[in-house]
Amino acid sequence: NCSVTRTHLGAKFIERHEYGSGNLVEREYDSLPLTYHYVHQNIGDLAWAFAHQGVVPAPLFQVLAARSLKIMHQFSQTTVVDVAWGFQKAGYKSPELFAALEKHVVEPPLVLLSHLNADYLSELVYSMAMVGHQPHDDFLKLALSTAQQRWHVLQTAEKESTVYRLISSLFILKAHEVQPDHPISKLILGMIAAEEQKSKEEQRPTAQDQGESRINRDAEHDGVPS
């Protein structure tokens, strides 16, 4: 156990770490490190804004990751999604951060994952898929359940891109292998099969292509340049 107190002494800030063993550690700063002033919304806003603009300084994202791990218990739904999206968009890999985000959204009593709306759910699983974070089965089961609960919203025309991102991300994360009989898992496999069939049909030569190919072969055989 450790209690931390910070006091202002003249132009200095003194940070005291008092451990249960009786040990005392003091650190002196000319000013408090900026991360001490970040609340969870600040972190989400900064991660999202910098990544959105394509400005991704590694030192900033290191600070954001470190501060996130310290105050993860304060993270709201919005902060979770903004941080996850910001880090994946920035291309800044932090396995420890994504593991903490996953744990936070499935922890009781809030179980934030079950309360995410369709867009937030899609953004979160997409971010995990893009950074290569493989969630545990409990997360994937809950994600499937939440997706099913939001399906009436996802079916609207303006949500087509959200549906595709959600389904393709759940496929990448192998959610369908965790619960193959789940309705969303069946939907995932159905959509993937449809995409594969569409791809095959696009690659299949049309009757016109076959006719032109035959004409060209006949022309070449007769010595006529095609």
| request: Compare every heavy atom of Val80 with every heavy atom of His104, then report the nearest pair and how far apart it is. | output: CD2-CG2, 3.8 Å

| message | For Gln41, is the CD atom crowded, meaning more than 12 foreign heavy atoms sit under 6.0 Å from it? | response | no

| Could you state the interatomic distance from CD (Gln203) to CD (Glu201), rounded to the nearest 0.5 Å? | 11.0 Å

| note | For Ala118 and Leu154, the nearest pair of non-hydrogen atoms, with its separation, is CB-CD2, 3.5 Å

| task | Determine yes or no for a side-chain-to-main-chain donor-acceptor pair under 3.5 angstrom, with His40 supplying the side chain and Ile71 the backbone. | result | no

| query | Does the side chain of Ile188 reach to within under 4.5 Å of the side chain of Ile192, using non-hydrogen atoms? | reply | yes

| field | Main-chain N/O of Asp181 paired with Ser185 side-chain donor or acceptor, under 3.5 Å | value | no

| task | Ignoring hydrogens and angles, tell me if any N or O in the side chain of Glu18 forms a donor-acceptor pair with the backbone of Asn23 under 3.5 Å. | result | no

| note | Scanning both residues in full, the closest heavy-atom pair of Ala129 with Leu173 reads CA-CD2, 3.8 Å

Just list the side-chain donor-acceptor pairs under 3.5 Å for residues 52-63, sequence neighbours left out, or say none.
none

| query | Can you tell which of Leu113, Leu112, Val106 makes a side-chain contact (heavy atoms from CB on, under 4.5 Å) with Leu110? | reply | Leu112

| query | What do the steps show when you test Lys159 against Asp119 for side chain to side chain contact (heavy atoms under 4.5 Å, CB included), and what is the final call? | reply | CA-CA 8 Å; Lys159 295 293 183 183; Asp119 291 309; 2.5 Å; yes

| message | Are Trp151 and Leu124 connected into the same hydrophobic cluster when the rule is that any two of I, L, V, M, F, W, Y join if their side-chain heavy atoms are below 4.5 Å apart? | response | yes

| query | What is the distance from atom CD of Gln148 to atom NE2 of His182, rounded to the nearest 0.5 Å? | reply | 4.5 Å

Can you give the donor-acceptor pairs under 3.5 Å from side chains of residues 84-99 to other protein atoms, not counting sequence neighbours?
{"unit_1": "Ser94", "atom_1": "OG", "unit_2": "Leu97", "atom_2": "N", "d": "3.4"}

| note | Here the pair of heavy atoms bringing Thr162 nearest to Ser122 is O-OG, 3.3 Å

| task | With rounding to the nearest 0.5 Å, note down the distance linking CZ in Arg150 to CG in Leu116. | result | 7.5 Å

| Do His133 and Glu102 get their side chains close enough for a donor-acceptor pair, meaning under 3.5 Å? | yes

| With the 4.5 Å side-chain cut-off for hydrophobic clustering, are Tyr120 and Val111 part of the same group? | yes

| said: Testing the basics here: between Met128 and Pro135, what is the closest heavy-atom pair and its distance to 0.1 Å? | reply: SD-CG, 3.9 Å

| Any donor and acceptor pair, going by atom type alone, linking the side chain of Ser199 with main-chain N or O of Glu195 inside 3.5 Å? | no

| message | Test your reading of the model: is there a side-chain donor-acceptor pair from Asn42 to the backbone of Val39, 3.5 Å cut-off? | response | yes

| request: Report the distance from atom CG of Leu142 to atom CG of Asp137, rounding to the nearest 0.5 Å. | output: 12.5 Å

| query | Is His136 atom NE2 crowded by more than 12 heavy atoms from other residues, nucleotides or ligands, each under 6.0 Å away? | reply | no

| same_hphob_cluster(Leu170, Tyr164) at 4.5 Å side-chain heavy-atom cutoff | no

| remark: In this structure, CD of Glu123 is separated from CE of Met130 (nearest 0.5 Å) by 11.5 Å

| request: Give a yes or no on whether Tyr126 and Ile184 share a hydrophobic cluster (residues Ile, Leu, Val, Met, Phe, Trp, Tyr; joining criterion: side-chain heavy atoms under 4.5 Å apart). | output: no

| message | Would you say Phe171 ends up clustered with Leu166 if hydrophobic residues are merged whenever their side chains have heavy atoms under 4.5 Å apart, either directly or through other cluster members? | response | yes

| From Ser145 OG over to Gln179 CD, what is the distance, rounded to the nearest 0.5 angstrom? | 8.0 Å

| query | If every non-hydrogen atom of Ala143 is compared with every non-hydrogen atom of Leu121, which pair is closest and at what distance? | reply | O-CD2, 4.0 Å

